[in-house]
There are 2 protein chains.
Amino acid sequence: MAASPGAGAAVPDSPSRREQILGVAAQLFARHGFHGVSIADLGAAVGVSGPALYRHFPGKEALLAEMLIRISEHLLAGGQERAAASDDPREMLAALIDFQVDFALREPELIVVQDRDLANLPPEPRRRVRLLQRTYVEIWVDVLRRINPDLTAEAARIAAHGAFGLLNSTPHSRTRAGTAEVAALLHRMAWTALTNLTPAESRKA
Amino acid sequence: MAASPGAGAAVPDSPSRREQILGVAAQLFARHGFHGVSIADLGAAVGVSGPALYRHFPGKEALLAEMLIRISEHLLAGGQERAAASDDPREMLAALIDFQVDFALREPELIVVQDRDLANLPPEPRRRVRLLQRTYVEIWVDVLRRINPDLTAEAARIAAHGAFGLLNSTPHSRTRAGTAEVAALLHRMAWTALTNLTPAESRKA
DNA sequence: GCGATTGGTTAATGATCCCTAACACATGGG
DNA sequence: CCCATGTGTTAGGGATCATTAACCAATCGC
């Protein structure tokens with residue numbers, strides 16, 4: 001009955017179904033919130049019904065956990081990669097902004113779910129996600145402090161969170177404008193904000 | 001039995017209880033989400049138990065509705081006031097940023113609830129809140145376009161949402177730093193981002 | 001060809017939750 | 001003095017939901 005060929009085979013956990021469930025769940029969670037989507041809703045949205053999901057995930061919370069852990073792992077890996085690609089902290093910052101804005105434009109639902117439904121995670125995966133997020137933030141903090149050595153760690157952290165809020169605003173402005181222009185605008189805003197954190201000096205390049 | 005004097009009187013709807021409920025509900029909703037807080041939890045948090053809340057609100061959704069409508073009305077009123085206080089669009093923008101950052105620092109729970117639980121509102125109050133929010137955004141859009149006439153309305157809207165994301169990042173950076181320094185930093189970031197939206201010119205004052 | 005595994009079904013269970021009902025009690029105006 | 005009103009209580013109903021149970025079809029390794 002499955003639409004995709006080979007989906008019903010006896011291969012250990014058909015990967016496409018899992019991905020499909022995770023993708024549809026992200027969209028539904030983003031729209032209605034974790035508690036606003038029932039297992040039955042989720043099953044119906046992928047074309048199966050209700051308890052079939054337990055063949056792929058041990059429970060609803062485990063599904064959310066995998067989703068959020070994937071997101072933060074993806075962001076951390078991308079951040080580390082961008083940060084290692086250059087020695088110039090300004091180039092690193094530009095690459096980090098590019099990476100974040102691309103993600104925010106490509107996957108706005110994941111942005112929404114990640115910070116809205118983190119609280120609905122069981123303690124253990126929540127700690128995991130928090131650690132990954134903190135590590136990702138530290139990449140930004142280090143770059144910002146290399147660009148501006150006068151910056152305290154705490155100020156850099158606040159600035160980084162502010163930049164995330166700015167770049168992750170994509171879900172709030174449903175636009176049909178070309179994503180390239182939106183990306184350029186958000187990149188520019190983040191860049192000017194983050195490279196002028198202190199009143200006057202610390203600019204020469 | 002009530003702790004506050006005069007709280008049990010036959011005065012039409014003791015106002016303190018309502019305010020207390022709304023305040024506690026904001027904190028609980030911010031931490032656990034609308035669906036993550038039961039009527040019993042909410043009652044226990046204010047010292048009464050369960051169904052007593054129905055003496056003050058017709059239902060759980062109505063409580064959320066009043067909360068969100070209050071927030072967006074407060075923001076809109078404040079924005080209109082700031083925008084009317086000057087003729088210079090740059091002064092207006094500075095006043096708007098001040099207002100928003102003050103609110104975001106003073107009431108981070110309301111910031112969280114407003115954009116997280118809007119989807120849990122019944123259709124009618126949701127439309128109301130959306131309209132109020134849109135009107136508030138338009139204030140910012142007008143100011144931004146007066147500062148930079150080259151800006152399209154859509155670009156200005158994206159920039160405004162980005163600025164909100166930046167300024168409303170306060171719940172994400174739990175800081176014990178002085179709020180004055182945080183406010184100054186966020187203000188500066190928003191200001192530099194919003195006054196450099198286009199590549200080169202359009203600056204002279 | 002066959003049997004174990006994978007992925008699906010419907011029915012049932014136990015918990016939780018919003019809300020209503022029925023009742024209690026203090027207070028303040030007439 | 002008394003009754004109407006505001007505010008609280010506990011008990012229960014009806015709905016929803018996550019999860020488990022029991023069962024079934026198809027497929028791949030052998």
Side-chain angles (χ1 to χ4, degrees), chain A residues 1-25 28-29 31-67 117 119-123 125, chain B residues 1-22 24-25 28-29 31-67 117 119-122 125:
Chain A
M1 188 188 287
S4 60
V11 45
D13 217 356
S14 154
S16 60
R17 260 287 194 247
R18 275 182 68 90
E19 299 311 307
Q20 185 195 10
I21 292 170
L22 282 168
V24 170
L28 291 182
F29 289 169
R31 190 180 304 276
H32 303 106
F34 179 71
H35 289 293
V37 179
S38 73
I39 290 286
D41 294 337
L42 192 41
V46 304
V48 302
S49 249
L53 303 183
Y54 289 87
R55 300 295 173 186
H56 303 277
F57 298 93
K60 201 188 177 191
E61 287 180 334
L63 195 157
L64 180 67
E66 174 155 347
M67 190 162 96
D117 288 318
N120 297 122
L121 229 46
Chain B
M1 188 184 290
S4 58
V11 45
D13 217 354
S14 155
S16 62
R17 261 290 195 245
R18 275 182 69 90
E19 300 311 308
Q20 185 194 11
I21 292 170
L22 283 168
V24 169
L28 291 182
F29 288 170
R31 190 178 304 274
H32 303 107
F34 179 70
H35 289 294
V37 178
S38 72
I39 290 286
D41 294 337
L42 192 40
V46 304
V48 302
S49 247
L53 303 184
Y54 289 89
R55 300 296 175 187
H56 304 275
F57 297 93
K60 200 188 176 191
E61 287 181 335
L63 195 158
L64 180 68
E66 174 155 345
M67 192 162 96
D117 288 318
N120 296 121
L121 231 45

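Because the structure is a prediction, the values reported are computed rather than measured. Chain A is the first sequence line, chain B the second, and so forth, proteins listed ahead of strands; every chain is numbered from 1.
Atom CG in Leu64(A) sits about 13 Å away from atom P in dA18(D), given to the nearest Å. Atom CG of Asn120(A) is separated from atom P of dA18(D) by 12 Å (rounded to the nearest Å). Rounded to whole angstrom, the span from the CZ atom of Arg17(A) across to the P atom of dT27(D) amounts to 14 Å. When rounded to the nearest whole Å, the span between CG of Leu63(A) and P of dA18(D) equals 11 Å. Computed from coordinates, the Ile21(B) CD1 to dG8(D) C1' distance equals 12 Å when rounded to whole Å. Counting to the nearest Å, the P atom of dC17(C) and the CG atom of Leu42(B) are 13 Å from each other.
In this structure, of dT9(D), dG7(C), dT7(D), it is dG7(C) that holds the atom nearest to the side chain of His56(A).
For the pair Leu42(B) and Val24(B), the tightest heavy-atom approach, listed with the atom from each and the gap, is CD1-CG1, 4.1 Å. Across all non-hydrogen atoms, the minimal contact from Glu66(B) to Leu22(B) is OE2-CD1, 3.8 Å.
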Inset, instruction - Determine, stepwise, if the pair Leu63(B) / Phe29(B) fulfils side chain to side chain contact (heavy atoms under 4.5 Å, CB included). - result: CA-CA 11 Å; Leu63(B) 195 158; Phe29(B) 288 170; 4.2 Å; yes
Inset, instruction - Please report the C-alpha distance between Ile39(A) and Tyr54(A) in whole Å, then the side-chain angles of each, then the deciding distance to 0.1 Å, and finally whether the side chain to side chain contact (heavy atoms under 4.5 Å, CB included) criterion is met. - result: CA-CA 9 Å; Ile39(A) 290 286; Tyr54(A) 289 87; 4.0 Å; yes
Inset, instruction - At under 4.0 Å between heavy atoms, which parts of nucleotides 18-24 of chain C does protein reach? Answer with one letter per nucleotide, 5' to 3': B base, S sugar-phosphate only, - none. - result: SBB-BB-
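A heavy-atom distance below 4.5 Å is not found between the side chains of Asp117(B) and Met67(B).
Evaluation of the side chain to side chain donor-acceptor pair (under 3.5 Å) test over residues 33-51 of chain A, restricted to residues two or more places apart or in two chains, returns His35(A)-Asn120(A), Ser38(A)-Asp41(A).
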